[in-house]
Number of protein chains: 2
Amino acid sequence: MATLKDVARLAGVSVKTVSNVVNGYSFVKADNRRRVEEALEATGYRPNLGARNLRRGRTGFIALVLPELSIPYFAELAGLVIAAAQEHEWNVLIEQTFGTLAGERSALASLGPHLVDAAILSPEALQVDDFQLSVPAVLLGEHAIDVPISRVGIDNVAAAQTAVRHLISLGHQRIAAIGAHPHRGTAALRLEGYRAALAEASLPFVDELVVPALNYHRADGAAAMKSLLDLRNPPDAVFCFNDLLAIGAMRAAAERFVRVPQDLAVVGFDNNEESVYSSPSLTSVAPDKGAIARAAVDLLHRRAESRDSALEDVETPFSLQVRESTVAR
Amino acid sequence: MATLKDVARLAGVSVKTVSNVVNGYSFVKADNRRRVEEALEATGYRPNLGARNLRRGRTGFIALVLPELSIPYFAELAGLVIAAAQEHEWNVLIEQTFGTLAGERSALASLGPHLVDAAILSPEALQVDDFQLSVPAVLLGEHAIDVPISRVGIDNVAAAQTAVRHLISLGHQRIAAIGAHPHRGTAALRLEGYRAALAEASLPFVDELVVPALNYHRADGAAAMKSLLDLRNPPDAVFCFNDLLAIGAMRAAAERFVRVPQDLAVVGFDNNEESVYSSPSLTSVAPDKGAIARAAVDLLHRRAESRDSALEDVETPFSLQVRESTVAR
DNA sequence: CATCGTTGTTCCAACGATGTAAAGACCGAG
DNA sequence: CTCGGTCTTTACATCGTTGGAACAACGATG
């Protein structure tokens, strides 16, 4: 691998002159510039990023800490973050926490200015004490707890309310919710939106219709749905806090020969590609994932450049995608 | 951020002694070792990986070049690769190519010993000339073309044959295939397995039943299925070259009120989590993704350590997961 | 007490890049 | 022909780490 030294020797100039050419410094004599450029070409020189960053005091990486890549929402988001980071010459390091406190702690511990310039976090279990970050960071989703970190995400209350209003507007009266969670900030807000929508339609809030889910996987949605179908008086609609739960719920319904949407309307959250092709296709709250990824990366870029540290709270748009799980073809 | 120098000053020893303690060098006096360890603790020292790797001549990263994270197979695989890489103290850099030649070329160009120690590639369009790699690499899937690079993957011919045999054993005679592709190596092999299974059952190979798919997304599967259902004599079973195609195909069938599996049996490939929860659930060829990830990373580790460069071809196991899309409950 | 081998520590150079300061080349003005 | 100012290039130090050689301390040996 060619280094600046090799190029310099070939071009017959000093190392620094080559460095100047590489970095676009203006005052290089045309003749030398040409010779250096030829030498660069001939050796196929590529800068050693490690060395450059060591000298510059940056690493060229940002961390993306998320629960699991096998969850479609995070996989899609990761893809978008990688694309957005590229525009700022950042490479993305993905850390999986599997939603556990231990996993999140170890991911955070491994972060530091020597490894990454900044971090994007999607935490699920972290405590206040854990946020002793040494690099600029941004939270995706919600503040489960009150920590001084910027945030990017949608208005979860409004989004949930929109989803449940949709169910109410279709005439549903006994609407369940799947995905309550003791620690997850988004879960609390979506529940709040659910409550608000019921309240404004003067529908009662029924405890037994709110089912918790510890993980947001398909299996959890299926289990929750089964318990709902076992009720003396099962719901006629269900709002799931993410699409995977909804997919699991629809699966459980199908196994009991409960028809969606005739017997049971289902709304999800995240608008995974999977939900467009399921049978029936799934009505879902669609956050603008591209906007989230871009906003998060841009925010970190500003913070990494200027050392100011104003907290920001960026709200990204969402929409409701209505499909067959609430309105039959 | 504390450096070795800070720790050394605090402990009252030289930088090198601290380095020796950090790296587990045996001959350090107990007394000094204790003082250094206390100083390490007190300063919260974490080695600067960039500097360490610069000195050691490695980067601590491997690249994972794949089409797109939003494709579940690659998302799951990426998660497993990250986990496997952790055991060798490697961080994973994910590059998305979006299946285009340009994307793959630019990903490859950005690779080099200054950035990564090794690379795992899942190419779809690359040409022979492109494989001028300067780091150890391994291909996932198949050699589309004849290049001297190690490979890890399943026996695609046998896997496809197993899938189609399954359909034949259920009495299907008119079996379609979705996913033929002009350049993709795996596509050719899966088609070969399909052909072999037909041949051994003395079933005719019918051209119109083999449908190409340029991308392997759900939409492509749906489009292909529609064209098959438009045939004068449509198939009674279909083998899709991946699960996304199969999901799209089942969706298209449902829209035409074609029942799966009664009117049409469907087999996929990849065994995505999504396929377990679809309605009907999808019979699929299940490659052992964990084994693939581990084998690829381990192979690269061996190659990065010892400079020998024997080509390896690692075959990982697969199985057929039979579900409702071929056998009704 | 000189010598030796073992153990423990330090100093120096190097990895590849860039910022700083100083030196060299060149120009026109006085 | 010197001076002062702009270009242009260079030498050097530096980022944080580690390998190697040098050095120092030590008890054991002859």
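Residue numbers begin at 1 in each chain, while the letters A, B, ... track the order of the sequences.
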Worksheet entry | Sidechain N-carboxylate O distance under 4.0 Å for A:Asp31, A:Arg35 | yes

Worksheet item: Rounded to whole angstrom units, what separation is found between the CZ atom of A:Arg58 and the P atom of C:dG19?
Response: 13 Å

Worksheet item: Looking at CD1 of B:Ile154 and CD of B:Glu315, how far apart are the two atoms once the value is rounded to the nearest 0.5 Å?
Response: 8.5 Å

Fill in: Electrostatic pair B:Arg302-B:Glu312, nearest N-O below 4.0 angstrom
yes

Practice prompt. Specify the separation, in whole Å, of atom CZ of B:Arg46 and atom P of D:dT17.
Written response: 12 Å

Discussion item. Taking the ring centre of each residue, are A:Phe61 and B:Phe61 less than 6.0 Å apart?
Written reply: yes

Worksheet item: Within less than 4.0 Å of OP1 or OP2 of D:dT18, is there a side-chain N or O belonging to B:Arg56?
Response: yes

Fill in: Residue whose closest nucleotide on DNA chain C lies nearer the 5' end, B:Tyr25 versus B:Leu54
B:Tyr25

Worksheet item: Looking across every strand, which nucleic acid part, if any, lies under 4.0 Å from A:Asn53 by heavy atom: base, sugar-phosphate, or nothing?
Response: nothing

Practice prompt. Confirm from the modelled atom types if B:Lys16 and D:dG19 form a donor-acceptor pair under 3.5 Å, side chain to base only.
Written response: yes

Fill in: Whole angstrom value for the distance that separates P of C:dA17 from CG of A:Leu40
11 Å

Worksheet entry | Nearest-angstrom distance from the residue atom CZ of A:Phe27 to C1' of C:dG24 | 16 Å

Worksheet item: Does a nitrogen or oxygen in the side chain of B:Ser14 sit under 4.0 Å from OP1 or OP2 of C:dT10?
Response: yes

Worksheet item: NA contact type, A:Thr17, heavy-atom cut-off 4.0 Å: base, sugar-phosphate, or nothing?
Response: base

Worksheet entry | Minimum-distance pair of heavy atoms, taken over all atoms of A:Arg184 and A:His181 | N-ND1, 3.1 Å

Practice prompt. Return the value, rounded to whole Å, for the distance between atom NZ of A:Lys5 and atom P of D:dT10.
Written response: 16 Å

Worksheet item: Counting side-chain heavy atoms from CB outward, which of C:dT18, C:dG16, D:dT17 is closest to B:Thr3?
Response: D:dT17

Discussion item. Is there a side-chain contact between B:Ser19 and the phosphate of D:dT18, meaning an N or O under 4.0 Å from OP1 or OP2?
Written reply: yes

Discussion item. What is the distance, to the nearest angstrom, from the CG atom on B:Leu4 to the P atom on D:dC15?
Written reply: 13 Å

Discussion item. Could you tell me how far apart B:Arg33 (CZ) and C:dG8 (C1') are, to the nearest whole angstrom?
Written reply: 11 Å

Practice prompt. Provide, to the nearest angstrom, the distance between the CG atom belonging to B:Asp6 and the C1' atom belonging to D:dG16.
Written response: 10 Å

Worksheet entry | Closest to side chain of A:Asn20, choosing from C:dT7, D:dT10, C:dA17 | D:dT10

Discussion item. Both A:Arg55 and B:Val15 contact DNA chain C. Taking the nearest nucleotide for each, which residue is further toward the 5' end?
Written reply: B:Val15

Item to complete: Name the pairing partner of D:dG30, where a pair is Watson-Crick or G-U wobble with both distances under 3.5 Å, or state none.
Response: C:dC1

